[in-house]
Protein chains: 2
Amino acid sequence: MSFWLMPSGGGAGVRIAADLRAAGLRPTRQRVALGKLLFAKGHRHLSAEDLHEEAQAAAVRVSLATVYNTLHQFTGAGLLREVAIDGARTYFDTNVSHHHHFFVEGEGRLIDMSDHVDIDRLPEPPAGMEVMGVEVVVRVRRKA
Amino acid sequence: MSFWLMPSGGGAGVRIAADLRAAGLRPTRQRVALGKLLFAKGHRHLSAEDLHEEAQAAAVRVSLATVYNTLHQFTGAGLLREVAIDGARTYFDTNVSHHHHFFVEGEGRLIDMSDHVDIDRLPEPPAGMEVMGVEVVVRVRRKA
DNA sequence: CTGTGTGCAAACTCTTTGCATAAGT
DNA sequence: ACTTATGCAAAGAGTTTGCACACAG
C-alpha cells in the first residue's frame with residue numbers, strides 16, 4: 001500500500017520514514033516528502049522558502065508553516081543543522097558533520113568548506129560557560 | 001576659560017564631530033549624541049534597539065529609523081563593525097579591530113574574544129571568489 | 001477513536017522606505 | 001538658501017502562532 005514510500009526507486013523514503021520514527025516524529029506524507037527532497041541529492045543548503053518552492057515544483061502540497069515546523073523538527077532530531085549567517089535568512093544544512101562555510105556575499109549562498117580548518121589556541125570560554133560549537137564563516141565575493 | 005568647548009565636560013563630542021566630518025557625515029545633534037553613547041564607554045555590542053533605548057534613557061530624542069541610519073552610516077565610515085550572528089538581531093561592535101566573538105546562547109549576548117584565534121590551512125576560496133573576511137563565532141551557553 | 005500534524009491567515013519582530021519637515025553649512 | 005538629515009508611519013521580509021480540520025497509529 002505504501003507506494004509513496006519509495007516511488008522513485010531509491011529506498012530513501014523508507015530510510016527517512018525509519019529515521020523519523022526513531023526521532024519520535026510520525027512519518028507523515030509531508031515530512032517524508034520534504035525529507036526526500038532534502039536528502040535525496042547530497043548535501044545542500046536551503047532556506048525554508050527554497051524548500052517550499054521545491055516542494056511545490058515537485059507537486060507536494062505543503063504549507064510554508066509546515067515547512068518551517070518540519071525543518072525545526074528535523075534539526076531537533078539531528079537530521080539537519082541550522083546555519084544562521086547574514087541575519088536575514090536561516091539556512092538548513094543537510095550536512096550534519098562538523099564543517100564550515102564560505103558565504104558568498106551578494107548571492108546569499110553557502111558553500112561547504114570541504115577542507116577542514118584547524119583552529120589553534122581557541123581561547124577559554126568565559127567563566128561559567130561551556131562551548132556548544134565553533135562556527136567559521138569565510139565571507140567571499142565574486143571577483144569583479 | 002575652556003568650558004565653552006564642551007557643554008557636558010568630555011571632549012568626546014569634539015572628537016566625534018571631527019570624525020564625522022572626516023567621514024563626510026554632518027555632525028548633527030543626533031549623530032553626535034549617538035556617537036557619544038557608542039564610544040564613551042569602551043567596546044560594546046549593541047543592537048539598534050539597544051541604542052535607541054539608551055538614547056531615550058539619556059533624553060536624546062531620536063527615532064529608531066535614525067538609529068538604524070546612523071548605525072549603518074557609522075559602519076560605512078569604519079567607526080563600527082556589523083556583526084550578524086543568530087539570524088534575528090544585528091549587532092554593531094564598537095571594536096573595529098580584527099577579532100572574534102563568543103555568542104552566549106539564550107542571552108543573545110556577544111563577548112569579545114580578546115585572545116586571537118589562529119587559523120591554519122584556511123582553504124582556498126572557490127574559483128573566481130575573493131575572501132572578504134573570516135568570522136569565527138564560538139557559541140557558548142551558561143553552565144547549568 | 002485519540003492525539004498529533006497540517007493549513008491557513010493573522011500576528012510578530014526586526015529592518016527599511018517614502019515623504020514632509022527640520023536642521024546643518 | 002541649498003542640501004542633507006530626521007521623524008513618522010507604513011511597508012517589507014522572514015518567521016511564528018492559534019485554531020479548526022485531517023490524518024496516522
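Values below: all heavy atoms of this structure, side chains included; hydrogens, waters and symmetry mates excluded. Values in this document were obtained by computation on a predicted structure and should not be read as measured data. To find a chain, count down the sequence lines: A is the first, B the second, and so on, and within it residues start at 1.
The footprint of chain B on DNA chain C, defined by a heavy-atom cutoff below 4.0 Å, extends from C/dC14 to C/dT25.
Using a 3.5 Å distance cut-off with no hydrogens or angles, the side chains of B/Asp112 and B/His101 do pair a donor with an acceptor.
Remark: the backbone N or O of B/Ser97 is paired with a side-chain donor or acceptor of B/Arg81 at under 3.5 angstrom. Counting only distance, with no hydrogens or angles, the side chain of A/Thr66 and the backbone of A/Val62 share no donor-acceptor pair below 3.5 Å.
Under the 4.5 angstrom side-chain criterion for Ile, Leu, Val, Met, Phe, Trp and Tyr, the cluster partners of A/Val83 are A/Ile85, A/Tyr91, A/Phe103, A/Leu110, A/Val137.
Contact detail for A/Val67 and A/Ala48: the closest heavy-atom pair is CG1-O, 3.5 Å.
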Checklist outcome for this item: In 5'-to-3' order, the base (B), backbone-only (S) or no-contact (-) status of each nucleotide in nucleotides 6-17 of chain D, using a 4.0 angstrom heavy-atom cut-off, is SBB-----SBBB

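Screening residues 47-69 of chain B for salt bridge (charged side-chain N to carboxylate O under 4.0 Å, His left out), with sequence neighbours left out, gives B/Arg44-B/Glu54. Under the salt bridge (charged side-chain N to carboxylate O under 4.0 Å, His left out) criterion, the residue pairs touching residues 133-144 of chain B are A/Glu135-B/Arg139, A/Arg139-B/Glu135, B/Glu105-B/Arg139, B/Glu107-B/Arg142, with sequence neighbours excluded.
Note that CG of B/Leu38 and CG of B/Leu80 are 5.5 Å apart. Values are rounded to the nearest 0.5 Å.
Ring orientation note: the planes of A/His99 and A/His45 are tilted relative to one another, at an angle of 30° to 60°.
Axis angle between the ends of the helix from C/dC1-D/dG25 to C/dT25-D/dA1, five pairs each and rounded to 10 degrees, works out to 30°.
Taking the six-membered ring for Trp and the full ring otherwise, the centers of B/His52 and B/Tyr68 sit at least 6.0 Å from each other.
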